[in-house]
Number of protein chains: 2
Amino acid sequence: MPIKEAVRPGGRSARVQEAVHQAVRELQAVKSRDELTVPQVAEHAGVTPSTIYRRWGNLAELVADVSVERMRPDDDPVDTGTLAGDLQAWGEQYLEEMTSVPGQRALNDVMASAENGRRERCCHYSESLMATLRERALSRGEAAVPSLDRLVDGVVAPMTYRLLYDRESATAANLRRWIARALAVEDVD
Amino acid sequence: MPIKEAVRPGGRSARVQEAVHQAVRELQAVKSRDELTVPQVAEHAGVTPSTIYRRWGNLAELVADVSVERMRPDDDPVDTGTLAGDLQAWGEQYLEEMTSVPGQRALNDVMASAENGRRERCCHYSESLMATLRERALSRGEAAVPSLDRLVDGVVAPMTYRLLYDRESATAANLRRWIARALAVEDVD
DNA sequence: ACACAAACGCAAAATATTTGCTTTACGAGC
DNA sequence: GCTCGTAAAGCAAATATTTTGCGTTTGTGT
């Protein structure tokens with residue numbers, strides 16, 4: 001058994017996946033979503049349509065697969081010295097990314113995926129990032145660090161909600177309010 | 001010009017729409033989402049496939065259209081005497097509806113719709129309901145009624161987020177926490 | 001090196017989607 | 001009430017897509 005990551009067999013399978021993903025990315029840059037077809041992607045990637053159908057099932061799952069990759073954070077969140085600052089810095093770039101035209105399409109594509117767990121995996125990125133920032137704040141000795149749930153409910157949830165339903169209000173200014181509230185509230189039960 | 005609602009011409013067009021919607025509902029009760037096809041729906045509704053394609057474009061838009069109808073609140077929210085009670089009562093039945101198997105499918109179908117404004121329209125239901133409950137609380141003379149934004153961010157957003165990404169935590173108990181927090185926070189700017 | 005299994009290619013068959021043209025049915029003005 | 005104009009539906013041929021069976025390739029484990 002090779003030492004390589006189990007998720008990336010590294011053989012032909014991986015090459016095909018990469019070629020198809022790449023083809024989707026390149027075609028998406030030129031064509032709108034409902035001009036894209038499986039046969040097109042297949043030809044551009046140099047594979048047979050049946051390969052794509054057998055592996056991804058349909059176009060929706062394929063583009064969702066590509067978009068989920070795209071949404072995975074690549075670099076570590078910047079350290080601004082305070083939890084509020086870290087949240088604002090991360091949130092602003094996230095909002096910018098997700099309100100851009102390609103970002104919105106990626107979001108839509110992921111939401112349209114029926115495969116169980118795709119959306120969950122995608123939002124998991126944000127949650128584990130919240131956990132990271134929170135740990136960082138704790139190790140700094142910051143006072144009144146909210147629970148993870150409170151960060152998710154208070155910051156990630158409103159952001160996501162606005163991104164999905166009311167793009168206009170997905171702004172840095174609102175983000176500041178969400179963060180302030182999340183950090184200000186006293187415990188309630 | 002007839003006095004009937006402009007949105008419901010009442011003629012053949014409306015009959016066809018109703019027949020098609022009905023066909024979708026009936027078939028959805030028996031078949032899983034990806035067994036459903038346009039030609040099937042068309043036959044069951046007694047129309048031609050081309051009618052459906054011309055009017056809805058594709059199956060995703062059609063089922064989203066049906067689901068959005070399904071999510072429109074039919075009856076007025078109950079009046080429990082307090083804003084917290086009203087929110088809890090509405091939220092509990094909403095969570096129950098949306099965590100059910102057909103509710104989840106409806107949610108997915110709406111999220112998968114590409115038509116600009118479908119999702120927005122759907123979430124608009126919740127927001128205007130918040131406004132209603134809020135007005136009610138104000139006219140009761142309740143103290144410390146939160147702004148509409150705060151209700152949306154504090155209650156609707158977490159609910160929606162959990163329903164979409166983490167069904168397990170979309171519970172009445174969590175709802176109670178969200179409401180308590182939304183009503184407890186002091187103004188922050 | 002060899003054998004096994006998973007994934008791909010190919011091409012035919014089955015379905016689904018689009019489209020041009022005809023027909024029907026509603027609504028408006030007379 | 002009648003006729004006309006228009007928007008939507010039916011029909012069927014033309015396209016495009018998805019599915020499937022089978023042979024071949026390619027990676028993996030022994």
Side-chain angles (χ1 to χ4, degrees), chain A residues 1-24 26-28 30-66 69 109 112-115, chain B residues 1-24 26-28 30-66 69 109 112-115:
Chain A
M1 172 183 295
I3 316 178
K4 301 189 173 191
E5 316 159 76
V7 286
R8 288 209 169 188
R12 172 166 70 162
S13 209
R15 280 200 305 279
V16 168
Q17 155 152 343
E18 183 46 32
V20 171
H21 275 208
Q22 182 64 26
V24 169
E26 287 177 14
L27 289 174
Q28 268 185 333
V30 185
K31 311 175 85 78
S32 90
R33 164 58 208 273
D34 54 351
E35 293 169 332
L36 210 61
T37 69
V38 170
Q40 255 175 1
V41 173
E43 188 187 11
H44 198 274
V47 299
T48 313
S50 64
T51 296
I52 294 183
Y53 286 117
R54 280 203 244 258
R55 209 159 147 175
W56 283 277
N58 56 48
L59 187 60
E61 296 304 318
L62 171 57
V63 296
D65 199 34
V66 173
E69 289 291 291
D109 292 344
S113 167
E115 197 222 11
Chain B
M1 174 182 292
I3 316 178
K4 299 187 173 192
E5 315 159 78
V7 285
R8 288 208 169 188
R12 174 168 67 162
S13 209
R15 280 200 306 278
V16 167
Q17 153 152 346
E18 182 47 33
V20 171
H21 275 207
Q22 182 64 25
V24 169
E26 288 177 14
L27 288 174
Q28 269 184 334
V30 186
K31 312 175 87 79
S32 90
R33 165 59 209 272
D34 55 352
E35 293 168 332
L36 209 60
T37 68
V38 169
Q40 257 176 359
V41 173
E43 187 186 13
H44 197 274
V47 300
T48 6
S50 66
T51 296
I52 294 182
Y53 286 116
R54 281 207 244 256
R55 219 167 137 167
W56 283 277
N58 56 48
L59 188 59
E61 295 304 318
L62 171 57
V63 296
D65 199 33
V66 173
E69 289 291 288
D109 291 344
S113 167
E115 197 223 9

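Model, not experiment: these values are computed from the prediction. Naming: A, B, ... by sequence-line order, numbering from 1 per chain.
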**Message:** Just the rounded figure in Å: distance from C1' of C:dC10 to CD of A:Glu43.
**Reply:** 15 Å
**Complete:** Here the gap from A:Glu26 atom CD to A:His44 atom NE2, rounded to the nearest 0.5 Å, amounts to 4.5 Å
**Message:** What is the distance, to the nearest angstrom, from the CZ atom on A:Arg15 to the C1' atom on D:dG27?
**Reply:** 9 Å
Pairs under 3.5 Å (N/O, protein and nucleotides 1-7 of chain C):
from: C:dA7; atom 1: N3; to: A:Arg12; atom 2: NH2; distance (Å): 3.1

**A:Leu62 and A:Val38, any side-chain heavy atoms less than 4.5 Å apart** = no
**Asked** Does CD belonging to B:Glu43 count more than 12 external heavy atoms closer than 6.0 Å?
**Response** no
**Complete:** Rounded to whole Å, the CD1-C1' distance (B:Ile52 to D:dG10) equals 13 Å
**Item:** Whether B:Asn58 side chain and B:Glu61 backbone form a donor-acceptor pair below 3.5 Å
**Value:** yes
**Message:** Is the shortest side-chain heavy-atom distance between A:Glu35 and A:Gln40 below 4.5 Å?
**Reply:** no
**Prompt:** Nearest-Å distance, CG (A:Asn58) to P (C:dA16)?
**Reply:** 14 Å
**Request:** Calculate the interatomic distance between A:Glu35 atom CD and D:dA16 atom C1'; express it in whole Å.
**Result:** 16 Å
**Asked** So do the side chains of A:Arg33 and A:Leu59 get within less than 4.5 Å of each other, counting heavy atoms only?
**Response** yes
**Fill in**
B:Trp56 CH2 to C:dT18 C1', in whole Å, measures 17 Å
**Prompt:** Please give, in whole Å, the distance from D:dA16 P to A:Asp34 CG?
**Reply:** 16 Å
**Message:** If you compare every side-chain N and O of A:Tyr53 against the phosphate oxygens of D:dT18 (OP1, OP2), does one of them come in below 4.0 Å?
**Reply:** yes
**Request:** Using atom types as modelled and distance alone, determine if a side-chain donor or acceptor of A:Thr48 lies under 3.5 Å from a backbone N or O of A:Thr51.
**Result:** no
**Side-chain touch A:Val63/A:Gln28, heavy atoms, less than 4.5 angstrom** = yes
Sort me out a list of protein N/O and nucleotides 20-22 of chain C N/O pairs below 3.5 Å, or just none if empty.
from: C:dG20; atom 1: O6; to: B:Arg54; atom 2: NH2; distance (Å): 2.6

**Asked** A:Pro49 or B:Thr48: which one's nearest nucleotide on DNA chain D is closer to the 5' end?
**Response** B:Thr48
**Message:** With a cut-off of less than 4.0 Å, is there a side-chain N or O of A:Thr37 near OP1 or OP2 of D:dT17?
**Reply:** yes
**Asked** Would you say the side chain of B:Arg55 lies within less than 4.5 Å of the side chain of B:Val16, judging by non-hydrogen atoms?
**Response** yes
